[in-house]
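Quick notes on the structure that follows.
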Amino acid sequence: MTPFTLSKSRQQLVLAVLMVCSLLIWLDNTVLSTALETLADPVRGLNAGPAELQWATGSYTLAFATLMFTAGALGDRFGHRTVLAAGLVVFAASSVWAAFAGDAGQLIAARAAMGVGSALIMPADLAILMWTFTGPARSTAVAVSSTSAGVGMAVGPVLAGVLLGHFWWGSVFLVNVPVVALALIGVVLLVPDFRSPVVRPLDPAGMLLSISGLAALAYGLIRSGQVASWGRTDVWAPIVVGVILLAVFVRVELRSEEPGFDPRLLAQRAFGGGNLALGLLLFAISAITFFHAFYLQGARGYSPVEAGLAGLPTALGALLGAPAGARLVRRWSLGRVAVPALTVAALTMGAYGLFGPSTPLAGIEVLLLVQGLSIGMVLGPVTAALISALPLERAGAGSAVTNTVRQTGSVIGIAVGGTIMSIVYRRAIEPSLHGVPHQVRDQARVSAEQARHVATTSHRPALGYAADDAFVHSLHVGAVWIMSVGLVAAAVLLVALRAVRAPAAAGDETVPARAFEDAAP
């Protein structure tokens with residue numbers, strides 16, 4: 001199937017529109033991470049506990065992860081431009097809902113609706129990009145488009161800090177509306193209505209199995225953090241049920257002639273291994289980001305604006321890392337660039353184990369810059385290689401597989417990261433609660449934010465210091481686990497890239513074979 005032929009200037013305009021759509025998703029993620037501390041505040045926010053904040057983040061990612069392959073099929077059936085526009089409308093409406101949520105439960109529901117909008121946006125965005133560009137230009141376009149992640153990471157925290165400093169917390173969601181309006185204008189005026197000639201059937205069984213399986217798994221993991229135990233039935237039973245449902249989901253998809261989520265694509269060693277590595281990387285990024293938000297604004301006492309500015313080196317690094325990685329891949333190979341970069345990213349996450357309440361900010365900023373650079377050098381080139389390796393007719397389905405795996409990694413990363421934080425914090429704060437009144441003790445056990453608040457209202461400054469120490473201890477423990485996941489991701493990527501040694505077939509419009517050469521030095 002031949003893509004539409006568009007002029008070069010039209011292609012560039014379409015790419016700009018698609019980048020705005022992608023920017024919207026990254027902007028929302030980074031804005032929320034800056035607002036977590038405020039949402040946890042009993043006075044300025046919603047008095048949300050750690051589990052509620054995990055769900056506020058996780059419900060979005062859960063809907064995003066499990067609906068993308070269905071959204072890809074909808075794009076093939078009704079046109080990717082139509083689905084993209086529908087996703088933008090849903091995203092804007094649910095952003096308004098989130099902004100005016102009256103409690104944490106409403107916020108969680110609104111965030112899930114925002115995830116539905118994102119699920120409609122992302123596969124259509126990537127499929128339109130695949131139809132717009134051909135050959136080497138496609139790989140370049142994917143790499144350029146991936147820089148929207150860096151822009152979102154740079155703008156989001158600072159924008160959220162400014163908004164939280166002058167308005168109520170709901171303003172961080174309302175900011176999505178003008179971005180959506182700009183994107184919709186571009187979609188209507190500039191984007192052709194691409195659609196696949198092969199209409200894939202919808203997959204309601206797969207959708208229900210994947211949603212229920214991931215939801216049950218995430219619930220069990222988050223619940224373990226609430227009760228600080230893995231042995232309770234309400235912890236291990238949902239986890240077991242979730243794993244079983246996901247296994248049934250894979251089996252159903254394998255038996256389907258036209259599955260919405262095609263596990264057979266993951267059976268290809270390079271494609272499957274590359275996606276698994278990215279999924280593990282997103283697991284680590286989501287988990288360390290959850291810790292990082294509470295470290296800067298909680299343990300360090302930074303304002304939202306100060307926290308946003310302190311996170312700029314990560315965003316700047318990611319913005320520079322993607323194009324730098326693409327250039328290095330053309331000179332050497334994907335393996336020789338991405339595997340060392342992923343290893344460095346994992347080690348920088350482990351370095352959070354050295355952070356304390358008074359760690360010099362300059363050292364932290366240098367570490368964050370290196371972390372952003374290394375992540376950008378992995379996400380951009382590896383994503384470009386995976387997407388460019390897909391047949392054009394499978395653009396919607398293949399991109400949905402790639403994004404589903406990545407978002408699933410984020411769901412589990414948030415659940416596990418928050419659970420480690422809750423369990424280790426609760427155990428660390430317990431010795432400081434002897435002799436404390438019952439009501440104060442119960443509040444202090446919930447989270448460091450609750451402990452600081454009750455320490456202030458009950459005039460117990462020592463309890464606030466103990467909460468900071470307990471949180472920092474949970475950060476150190478979490479950093480070790482997160483680094484381990486990142487190092488496993490690097491090993492998986494190394495093995496996956498060793499699988500492809502043969503040059504690409506003549507005329508194949510995929511990523512150059514050099515990008516898949518042996519990853520060994």
Side-chain angles (χ1 to χ4, degrees), residues 17-18 20-36 38-39 45-46 48 52-72 74-75 78 80-125 148 152 155-156 159-160 163-164 167-188 207-208 210-211 214-215 218 286 400 403-404 407-408 410-411 414:
V17 172
L18 297 179
V20 172
C21 296
S22 179
L23 172 65
L24 185 70
I25 296 172
W26 282 99
L27 188 69
D28 179 71
N29 282 336
T30 54
V31 161
L32 180 64
S33 67
T34 305
L36 289 175
T38 302
L39 290 170
L46 293 176
E52 291 170 321
L53 293 175
Q54 284 173 273
W55 277 116
T57 307
S59 64
Y60 168 89
T61 313
L62 178 65
F64 194 1
T66 54
L67 294 178
M68 273 193 295
F69 57 86
T70 300
L74 289 173
F78 299 110
H80 295 295
R81 183 182 68 179
T82 302
V83 172
L84 178 60
L88 290 169
V89 172
V90 170
F91 194 90
S94 52
S95 294
V96 175
W97 181 14
F100 295 99
D103 55 40
Q106 291 183 31
L107 178 62
I108 291 168
R111 288 286 297 165
M114 292 174 72
V116 174
S118 294
L120 294 172
I121 292 170
M122 184 57 75
D125 188 287
S148 61
V155 174
L159 178 61
L163 292 172
L164 290 171
F167 306 100
W168 98 114
W169 58 265
S171 61
V172 302
F173 297 110
L174 281 183
V175 75
N176 294 328
V177 176
V179 181
V180 168
L182 177 64
L184 274 174
I185 293 172
V187 168
V188 172
M207 182 177 66
L208 290 175
S210 60
I211 291 175
L214 270 178
S286 298
N403 282 284
T404 298
Q407 294 303 320
T408 299
S410 294
V411 171
I414 293 163

Fill in: Parallel, tilted or perpendicular: ring planes of Phe100 versus Trp168, cut at 30 and 60 degrees
tilted
Worksheet item: What pair of heavy atoms forms the shortest contact from Ala63 to Ala119, and how long is it?
Response: O-CB, 4.0 Å
Fill in: 4.5 Å side-chain heavy-atom contact, Val116 and Ser94
no
Worksheet, complete the sentence: Shortest non-hydrogen pair, Val175 vs Val172, comes out as CG1-O, 3.2 Å
Worksheet item: Got a second to check how far Trp55's CH2 is from Arg111's CZ, nearest 0.5 Å?
Response: 13.5 Å
Worksheet entry | CG on Leu120 to OG1 on Thr82, rounded to 0.5 Å | 11.5 Å
Fill in: Val31, Leu163, Leu32, Val96 screened by side-chain contact (heavy atoms from CB on, under 4.5 Å) with Phe173, the one that passes
Leu32
Worksheet entry | Between CG on residue Leu164 and OG1 on residue Thr38, distance to nearest 0.5 Å | 4.5 Å
Worksheet entry | Check: Ile108 main-chain N/O paired with Ser59 side-chain donor or acceptor under 3.5 Å | yes
Discussion item. Tell me if a side-chain donor or acceptor on Ser95 pairs with a main-chain N or O of Phe91 at a distance below 3.5 Å.
Written reply: yes
Fill in: For Val17 against Ala183, the heavy-atom pair lying closest together
CG1-O, 4.1 Å
Practice prompt. Rounded to the nearest 0.5 Å, what's the gap from CD on Glu52 to CG on Leu36? Could you check?
Written response: 12.5 Å
Worksheet item: Roughly how far, to the nearest 0.5 Å, is CG of Leu84 from CG of Leu74?
Response: 13.0 Å
Worksheet item: Which atom names give the shortest non-hydrogen contact between Val90 and Ala113, and what distance separates them?
Response: CG1-O, 3.7 Å
Practice prompt. To the nearest 0.5 angstrom, please state how far the CZ atom of Phe64 sits from the CD1 atom of Ile121.
Written response: 8.0 Å
Worksheet item: Between Asp125, Leu182, Val179, which is the residue that forms a side-chain contact (heavy atoms from CB on, under 4.5 Å) with Leu24?
Response: Val179
Worksheet item: Hey, does Trp169 have a side-chain heavy atom less than 4.5 Å from the side chain of Leu46?
Response: yes
Item to complete: Taking all non-hydrogen atoms of both residues into account, name the closest pair between Ala124 and His80 and its distance.
Response: CB-O, 3.4 Å
Discussion item. Looking at every non-hydrogen atom in both residues, tell me the closest pair between Ala101 and Leu107 and how far apart they are.
Written reply: CB-N, 3.6 Å
